[in-house]
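Computed from heavy atoms alone, side chains included, the values below leave out hydrogens, waters and symmetry copies. Residue numbers begin at 1 in each chain, while the letters A, B, ... track the order of the sequences. Quantities reported herein were computed from a predicted structural model and do not represent experimental measurements.
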2 protein chains.
Amino acid sequence: MQEKLREHIEKIISLTDEEFSFIRAHFTIKNSKKREFLIRKGESVKHCYFVVSGLLKLVYDDESGSQHIVSFAMEDWWETDFLAFHTQTKATMSLQCLEDTDVFCLSLENYQKLCAGLPKMEHFFLKKSNSGHIGSQQRILSFLTSNAKERYDQLLKRYPSLFQRVSKTLLASYLGVSRETLSRLSS
Amino acid sequence: MQEKLREHIEKIISLTDEEFSFIRAHFTIKNSKKREFLIRKGESVKHCYFVVSGLLKLVYDDESGSQHIVSFAMEDWWETDFLAFHTQTKATMSLQCLEDTDVFCLSLENYQKLCAGLPKMEHFFLKKSNSGHIGSQQRILSFLTSNAKERYDQLLKRYPSLFQRVSKTLLASYLGVSRETLSRLSS
DNA sequence: TTTTTTGTGTGATAAATATCACAAGTACAA
DNA sequence: TTGTACTTGTGATATTTATCACACAAAAAA
């Protein structure tokens, strides 16, 4: 499990064994079962998570009770309610396991210590944050330029594995269409 | 004009005069007229821009010829085609002045030198990138949870000044609705 | 100034999508 | 095993939004 984290980081920066030990010491491990919550709306957000295996959904529940999926977090993803985590405010979203999931947990304090103690890691997180930002911008663009059918096809092309792992209902709520419309599109 | 940049950076990290001189040396200044392009689709993206005054639009032109506004860049914003800038690929979007605009320009090379020479700045850019990511996620959320009217009201509330500065047609293309629909919403 | 482009509102209509309702299939727990 | 909850497809209908067309106003260019 440690190796997964190390390999992931070493895609961007190279590390000595000592550096990795230093990094490793800032994380804890958590093994969660399907349906378990890592973050609950309204509670404080203790950690940023690195997904080693499994699958989670980051969801926003609106006033009328419907769910909106901001993001699916799969292997090799960093996920949390970033706003709440960085500003130390209460979560506005929830992070819940869709499968049994193993994660590394990084507290804000350890995140800051890690960046301060090893500037390379600040560089690493900057790269990650940039990719995240670019990814979100692409998703915005897909809302601006594409209808439901096109967004569905783009998702299918980009993350084909998702279609085996999550229900159509969840895909619909990620794409921003009703499950009935999605059902009619895919047939 | 320099002071604007310094004040902006000092909102996040504090600087000595020498540090600021070091930073300043990595930027060039550009004054552009309304309608001028800082980035053109298809060309290479030389800089990341910090907007001192004025207003720009970051637009994506689709195959059918319609424009989609990914972002408005106002005073104190950092803007570029981030994907093209960071990966040194051709621009897929254009950045064009909606008003006469003054910017500081930072090349990728200088961006890297700046981060390497002054780790504080890597920290600064990480904070900026995180806010950008969070902002994009909020925008995604508005597409997921809100209809055109609600998105319009949210934008009006968040950036009231935009409504004096840009045409309804451009607002429509930022919100992802046709100008006719927007016109009917706002009356 | 005159001309041309750009912006805006609004009607009529078409297309996309949501909502409600129901039936049947599948997974999972008691 | 039975039952309960979750999932999926599909019909009927309502709502939202896009598209096309036009008139006119405002702004920029000649």
Whole angstrom value for the distance that separates [atom2] of [N] from [atom1] of [X]:
{"X": "L185(A)", "N": "dT17(C)", "atom1": "CG", "atom2": "C1'", "answer": "9 Å"}
{"X": "K149(B)", "N": "dA18(D)", "atom1": "NZ", "atom2": "P", "answer": "15 Å"}
{"X": "E150(B)", "N": "dA18(C)", "atom1": "CD", "atom2": "C1'", "answer": "14 Å"}
{"X": "L144(A)", "N": "dT17(D)", "atom1": "CG", "atom2": "C1'", "answer": "15 Å"}
{"X": "N147(B)", "N": "dA16(C)", "atom1": "CG", "atom2": "C1'", "answer": "15 Å"}
{"X": "F143(B)", "N": "dT16(D)", "atom1": "CZ", "atom2": "P", "answer": "18 Å"}
{"X": "L98(B)", "N": "dA27(D)", "atom1": "CG", "atom2": "C1'", "answer": "15 Å"}

For a quick test of your reading: what N or O donor-acceptor pairs under 3.5 Å do the side chains of residues 138-145 of chain A make, sequence neighbours left out?
from    : atom 1 : to      : atom 2 : distance (Å)
R139(A) : NH1    : V70(A)  : O      : 2.6
R139(A) : NH2    : I69(A)  : O      : 3.2
R139(A) : NH2    : Y174(A) : O      : 2.9
S142(A) : OG     : R139(A) : O      : 2.8
T145(A) : OG1    : L141(A) : O      : 2.9

Please report, to 0.1 Å, the donor-acceptor pairs under 3.5 Å made by any side chain of residues 115-124 of chain A, with sequence neighbours excluded.
from    : atom 1 : to      : atom 2 : distance (Å)
K120(A) : NZ     : S14(A)  : O      : 2.7
K120(A) : NZ     : E19(A)  : OE1    : 2.8
K120(A) : NZ     : E19(A)  : OE2    : 3.1
E122(A) : OE2    : H123(B) : ND1    : 2.8
H123(A) : ND1    : E122(B) : OE2    : 2.8

Could you check whether [X] pairs with [Y] (Lys NZ or Arg NE/NH1/NH2 to Asp/Glu carboxylate O, under 4.0 Å)?
{"X": "E99(A)", "Y": "R165(A)", "result": "yes"}
{"X": "R184(B)", "Y": "E180(B)", "result": "no"}
{"X": "K149(B)", "Y": "D153(B)", "result": "yes"}
{"X": "D76(A)", "Y": "K11(A)", "result": "yes"}
{"X": "D100(B)", "Y": "K34(B)", "result": "no"}

(request) Quick one: name the residues clustered hydrophobically with I134(A), using the 4.5 Å side-chain heavy-atom rule over I, L, V, M, F, W, Y, and just say none if it's on its own. (result) F82(B), L83(B)
(request) Find the bend of the helix from dT1(C)-dA30(D) to dA30(C)-dT1(D) as the angle between its two terminal axes (five pairs each), to the nearest 10°. (result) 50°
(message) Measuring from the side chain of R184(B) (C-beta onward, heavy atoms only), which nucleotide among dT17(C), dA12(C), dT17(D) has the closest atom?
(response) dA12(C)
List, with names and distances, any nitrogen or oxygen atoms from the protein found under 3.5 Å away from nitrogen or oxygen atoms belonging to nucleotides 28-30 of chain D.
from    : atom 1 : to     : atom 2 : distance (Å)
dA28(D) : OP1    : K34(B) : NZ     : 3.4

(message) Quick check: any donor-acceptor pair below 3.5 Å linking the side-chain of R151(B) to the base of dT16(D)?
(response) no
(request) Determine, using ring centers only, whether Y111(B) and H86(B) are less than 6.0 Å apart. (result) yes
(request) With a 4.0 Å heavy-atom cut-off, tell me which residues in residues 166-180 of chain A come close to DNA chain C, sorted by residue number. (result) G176(A), V177(A), S178(A), R179(A), E180(A)
(request) Establish, from distance only, whether the side-chain atoms of W77(B) and H8(B) form a donor-acceptor pair under 3.5 Å. (result) no
(message) For a quick check under 3.5 Å, do R24(A) and Q2(A) share a side-chain donor-acceptor pair by atom type?
(response) yes
(request) Using a cut-off of strictly less than 4.0 Å, decide whether S183(B) has a side-chain nitrogen or oxygen near OP1 or OP2 of dG9(C). (result) yes
